[in-house]
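A short worksheet on the structure shown next.
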Amino acid sequence: MMNSGIRNIQGMLLDVEAEHMGMQTVLHVYVSTEQGIERFTEAKFEPYFYISCQDKELKPKELARRLLEERFSGGTRISKSEVVHKKEGPLIKLYFRNVPELKIVRDEVKRFDFVRQRYEHTIPFARRYIIDNGLKPMQGIHVHANADQTIHSISPAASQQPVPEPRMGALDLEMFSPGKMASPEHNPIIMASLAVPRNAWVWCTRKELEQVDFVKVVEDEAKIIEGLAHAIRAHKLDIVATYNGDRFDLPYIKKRAEVLGTAFDVGFGKVKVQKRQLHASARIPGVQHLDCYQMLLLLNRLQVVNLIKFDLESVTASLFNEKKFKFRFNEINQTWETGKGLADLARYNQDDSMVTLRVAEKYLDLVIALCRLTRQTLFEVSRSSAGQLVEALLMNEAFAQGHVIPSTPSEETVKSRQMNPITAAYVKEPLPGLHENIAVIDFRSMYPTIMISHNISGDTLDCAHSECKTGKNLAPTNHWFCAKETGFMSSILDRILTERLEAKDSAKKAVKGSGEQKELEAKAQGLKILLNSFYGTLAYPRFRWYSRDAAQATTAFARHYIKQTIAWAEEAGFHVLYSDTDSLFLLANKQKKEDVELFVESVNKKLPGRMELEFKGVYARGIFVTKKNQGERGAKKKYALMDAQKNLTIVGFEYVRRDWCALAKKTQKGVLEHVLSEGAPEKAIRLVRQTIDDLKKGRIPVKDLAILKQIRRPLRKYAAIGPHVAAAKKAVARGKEMGTGSVVAYVITKKGTTISEKAELEEFVGEGNYDAEYYIQHQIVPAVIYILAEFGLSETDLMHGGKQSSLGAFA
DNA sequence: TAATTCGCTAGACCGA
DNA sequence: TCGGTCTAGCGAA
């Protein structure tokens, strides 16, 4: 290779970025190597999109030729055209010199009568490049590059080739902004910290901190910014993590650098702040900016974590079970002005970047697995949604299999789809009361396995073969799916399911705690996320592969199988206590655990394809309650189970809900524990009475009385002003920022008449200022009474000890 | 404009 | 003031 001047580079693909230069749109490819990040430039890849055509006289080939002669705005021309054959049929592929020209033609080509549809015309150029070359971000890559870093050829590395560990760090800033929100035009950065795996530093201008070992004292603010950028470069970081860097730290440091006449440049240019769909994002050219706040929002939606509040303190408490100290705005300003406690402030700054790094490290394997599976960059994956992940995966697959990628639907189509929702699961009303020996069984990955087993996919729907119409893939909706050729979606699901089992298997065999094992576990988790998201996207109105009929068929099959299994269970002599979507709760008459196993086995023999029933376990006792409004009906989606080892599982009850105060939840859990472990309510009643007494005597700390609820729209848009909205409005009047997405922690105080009037933000409520009557009548009693009611107790019994004597002595 | 629908409940709101 | 209805949020799957 040396003789031709071509270098052969191996590394990990970090990013691809499009840039318009002269008459060309080129692509910058960023690769992490042992020497650091290298940038290569691809100038041979041409932008393109497809059109489908229909014309009575002219053939596609002639139409393609004709289009070449057309002139569009600004004299724009199509640079090349050809007819290609996708699985959906022939299409005309139009090439362009650059992306702006593609955009002009894509908007104007509709004017020709023979143009029916445009395809793949909105795919970002950088994404296009990754798809067409089969590249995998955060995975090994080979680049053959000329001496000037232009790409000669590029290809993904063989999968068995080890990928180097990415180098990651995290940064955090502190500002001086007395009395108001910091604005980069006026308020300086006073401290900046950078954390790397075993080290963390703080840059600051204050001489007083010279003795603090982790502080680097510099002469002015510009040197703070430059020092930080230099350290990122010196450590060759591939990933820089922040906490809310998209909206705060990075736009701030960029603007501040401009004001000071310097730059925050870690090697390939200034930070780029982009307005994305809903909010801004900040890109550091070359380096992957991982905003942990965005990442946690995603992981929360994917149910990998369950976070309520997203400030760094709450996150630390929830993820690491650690308390983190916090400097409030005014404390930071005060410390800076007086110079008292500067070292503590520096430590706080250092701690923030260290915690951010830990959050990033905790989920890095999973996010990287998703990058590789969906072929999106870390930057993209960490800011995406479940829908985007599946969509990205399918776009890559579609290209690889020779399908044309369906376009995103028009707003009109979206609206009409929204008007027509899909019928979902079957939920059986439970028999309320205390039950013993409950066996729980469920269908493993029910929706995905139905889709695989019945070949459910948009492209197999109502196929032309007459045999398929009456075969095994005829859904209860009377639509059918091809029994001869595997569908696009179903085949991918099949592969994902197989890969997931393999990954889980290999993880078990790998060395415990090794990098390999963690990687395999993350892969399995990533695959599970994708698997579980497929059905949802099929029914998502904005999805490229939306198919109402396919989604309807999936749920119809699901209802069929669960009802069938219920019937089989009853035939086998079990009583089916409850069922929701894919699970069954069985009450044994005389049967033993082995009989349940035999039953599961017998059902599995009858189930098609990859569908599988699984025995989850037996519980010594369980309780179902009646609905609060219609007292005779059993409440669905609400139960508590206790196994022989006294482990308690609580589902759906107030205990698992954030919009009930901690005291009510704790009391409810206590009640459930008592009644399930003893089968009788005496101890539970005593606990409730004690709690009520404590409330009346003002002994309960305010933090145990806070109720959390989210503000989900602009405050002025509420038709009904509930307590959380009222509390938020009052807080805004006091100068606090409360917008869409913020979580209100409110307490019902003594002041006011309606509940909303009494509601105040927890932080404004002094100890003892709570409405005890409200908490008794609206929190404690409602949380426990319908459990105790299953033992024949009424509210009067509970409050006044009516049945005390008959239930035994308990004072 | 961020995967789905089903189900439960509190508290405001509204009209008699 | 009462009872029915509507709005809103959260959780299960």
Side-chain angles (χ1 to χ4, degrees), chain A residues 276-279 294 297-298 300-303 306 308 383-391 394 408-411 414-415 417-418 420-430 442-443 445-447 529-546 548 550-552 554-555 558-559 562 578-583 625-630 633-639 649-660 664 707-713 717-726 741 743-744 748 754-759 774 777-779 782-783 786:
Chain A
R276 296 174 86 245
Q277 300 97 309
L278 251 170
H279 65 88
Q294 296 298 329
L297 287 180
L298 170 70
N300 212 47
R301 281 195 302 269
L302 297 175
Q303 292 173 19
N306 184 10
I308 298 167
R383 288 165 184 76
S384 67
S385 62
Q388 284 168 302
L389 293 178
V390 175
E391 188 173 85
L394 291 183
T408 46
S410 66
E411 276 309 302
V414 170
K415 285 226 170 69
R417 287 174 181 179
Q418 278 167 343
N420 207 1
I422 279 111
T423 322
Y426 168 70
V427 191
K428 182 179 163 36
E429 185 184 324
D442 74 4
F443 283 90
S445 300
M446 190 190 218
Y447 285 9
I529 286 169
L530 292 168
L531 202 63
N532 291 341
S533 304
F534 256 71
Y535 163 76
T537 57
L538 201 61
Y540 170 47
R542 294 185 182 281
F543 195 50
R544 290 174 188 265
W545 282 270
Y546 173 92
R548 185 168 197 284
Q552 265 310 16
T554 307
T555 58
R559 290 190 298 273
I562 198 81
Y578 175 63
S579 168
D580 183 353
T581 310
D582 59 355
S583 67
V625 295
T626 56
K627 296 216 273 185
K628 286 182 176 177
N629 299 327
Q630 300 148 265
R633 319 283 299 189
K636 299 169 178 175
K637 301 195 184 282
K638 215 173 241 203
Y639 54 85
T649 306
I650 302 177
V651 178
F653 273 111
E654 284 76 2
Y655 175 72
V656 299
R657 295 181 64 97
R658 63 162 95 159
D659 54 353
W660 284 74
I707 296 161
L708 301 184
K709 220 173 234 183
Q710 212 185 347
I711 297 290
R712 306 212 297 184
R713 59 183 75 167
K717 291 213 171 162
Y718 278 90
I721 312 296
H724 70 302
V725 180
V743 176
V744 178
I748 303 304
T754 67
I755 294 166
S756 284
E757 270 176 45
K758 292 180 181 181
Y774 169 83
Q777 292 305 326
H778 294 258
Q779 293 276 314
Y786 65 160

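Chain letters run A, B, ... following the sequence lines, proteins first and then strands; every chain starts at 1. Keep in mind the model is a prediction, meaning the values are calculated, not measured.
The only member of A:Lys636, A:Arg633, A:Lys638 that meets salt bridge (Lys or Arg N to Asp or Glu O under 4.0 Å) when paired with A:Glu429 is A:Arg633.
A:Arg713 comes within 4.0 angstrom of sugar-phosphate atoms only, judged by non-hydrogen atoms across all strands, and of no base. Here A:Gln710 lies in heavy-atom contact (under 4.0 Å) with sugar-phosphate atoms only. A:Phe443 comes within 4.0 angstrom of no nucleic acid atom, judged by non-hydrogen atoms across all strands. Nucleic acid contact for A:Tyr718: sugar-phosphate only, since backbone atoms but no base atoms lie under 4.0 Å from a heavy atom of the residue. Counting any heavy atom pair closer than 4.0 Å across all strands shown, A:Arg712 reaches a base atom.
In this view, A:Glu757 satisfies the salt bridge (Lys or Arg N to Asp or Glu O under 4.0 Å) rule with no residue, not counting sequence neighbours. Under the ring-ring contact (aromatic ring centres under 6.0 Å, His included) criterion, A:Tyr655 pairs with no residue, sequence neighbours left out. Considering only residues two or more places apart in sequence or on other chains, A:Tyr786 meets the ring-ring contact (aromatic ring centres under 6.0 Å, His included) condition with A:Phe653. Applying the salt bridge (Lys or Arg N to Asp or Glu O under 4.0 Å) rule to A:Arg383 yields the partners A:Asp246; only residues at least two apart in sequence or on another chain are considered. Taking the side chain to side chain contact (heavy atoms under 4.5 Å, CB included) definition, one finds that A:Ala386 meets it with A:Leu302, A:Ser533, sequence neighbours left out. Under the side chain to side chain donor-acceptor pair (under 3.5 Å) criterion, A:Glu411 pairs with A:Arg542, sequence neighbours left out. By the side chain to side chain contact (heavy atoms under 4.5 Å, CB included) test, A:Thr554 is found to be paired with A:Tyr447, A:Ile450, A:Met451, A:Ile456, A:Tyr535, A:Leu538, residues two or more places apart in sequence or in another chain being considered. For A:Arg712, there are no side chain to side chain donor-acceptor pair (under 3.5 Å) partners at least two apart in sequence or on another chain. The salt bridge (Lys or Arg N to Asp or Glu O under 4.0 Å) search around A:Arg301 returns none, not counting sequence neighbours.
Taking the C1' atoms as reference points, C:dC10 lies 23 Å from B:dT1, given to the whole Å. Of the P atoms belonging to B:dA3 and C:dA8, the separation is 22 Å, rounded to the nearest Å.
Scanning DNA chain C 5' to 3' for nucleotides with an atom closer than 4.0 angstrom to a non-hydrogen atom of chain A gives a first and last hit of C:dT7 to C:dA13.
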For nucleotides 9-16 of chain B, give me one character per nucleotide, 5' to 3': B if any protein heavy atom sits under 4.0 Å from the base, S if the only such contacts are to the sugar-phosphate, - if neither. SSSSS---
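Computed from coordinates, the A:Arg548 CZ to B:dA3 C1' distance equals 16 Å when rounded to whole Å.
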Within the sub-3.5 Å range, which N or O atoms of nucleotides 4-6 of chain B have a protein N or O partner, and how far apart are they?
{"unit_1": "B:dT5", "atom_1": "O3'", "unit_2": "A:Ile422", "atom_2": "O", "d": "3.4"}

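Checking A:Gln418 against A:Lys415 by side-chain atom types alone, no donor-acceptor pair falls below 3.5 Å.
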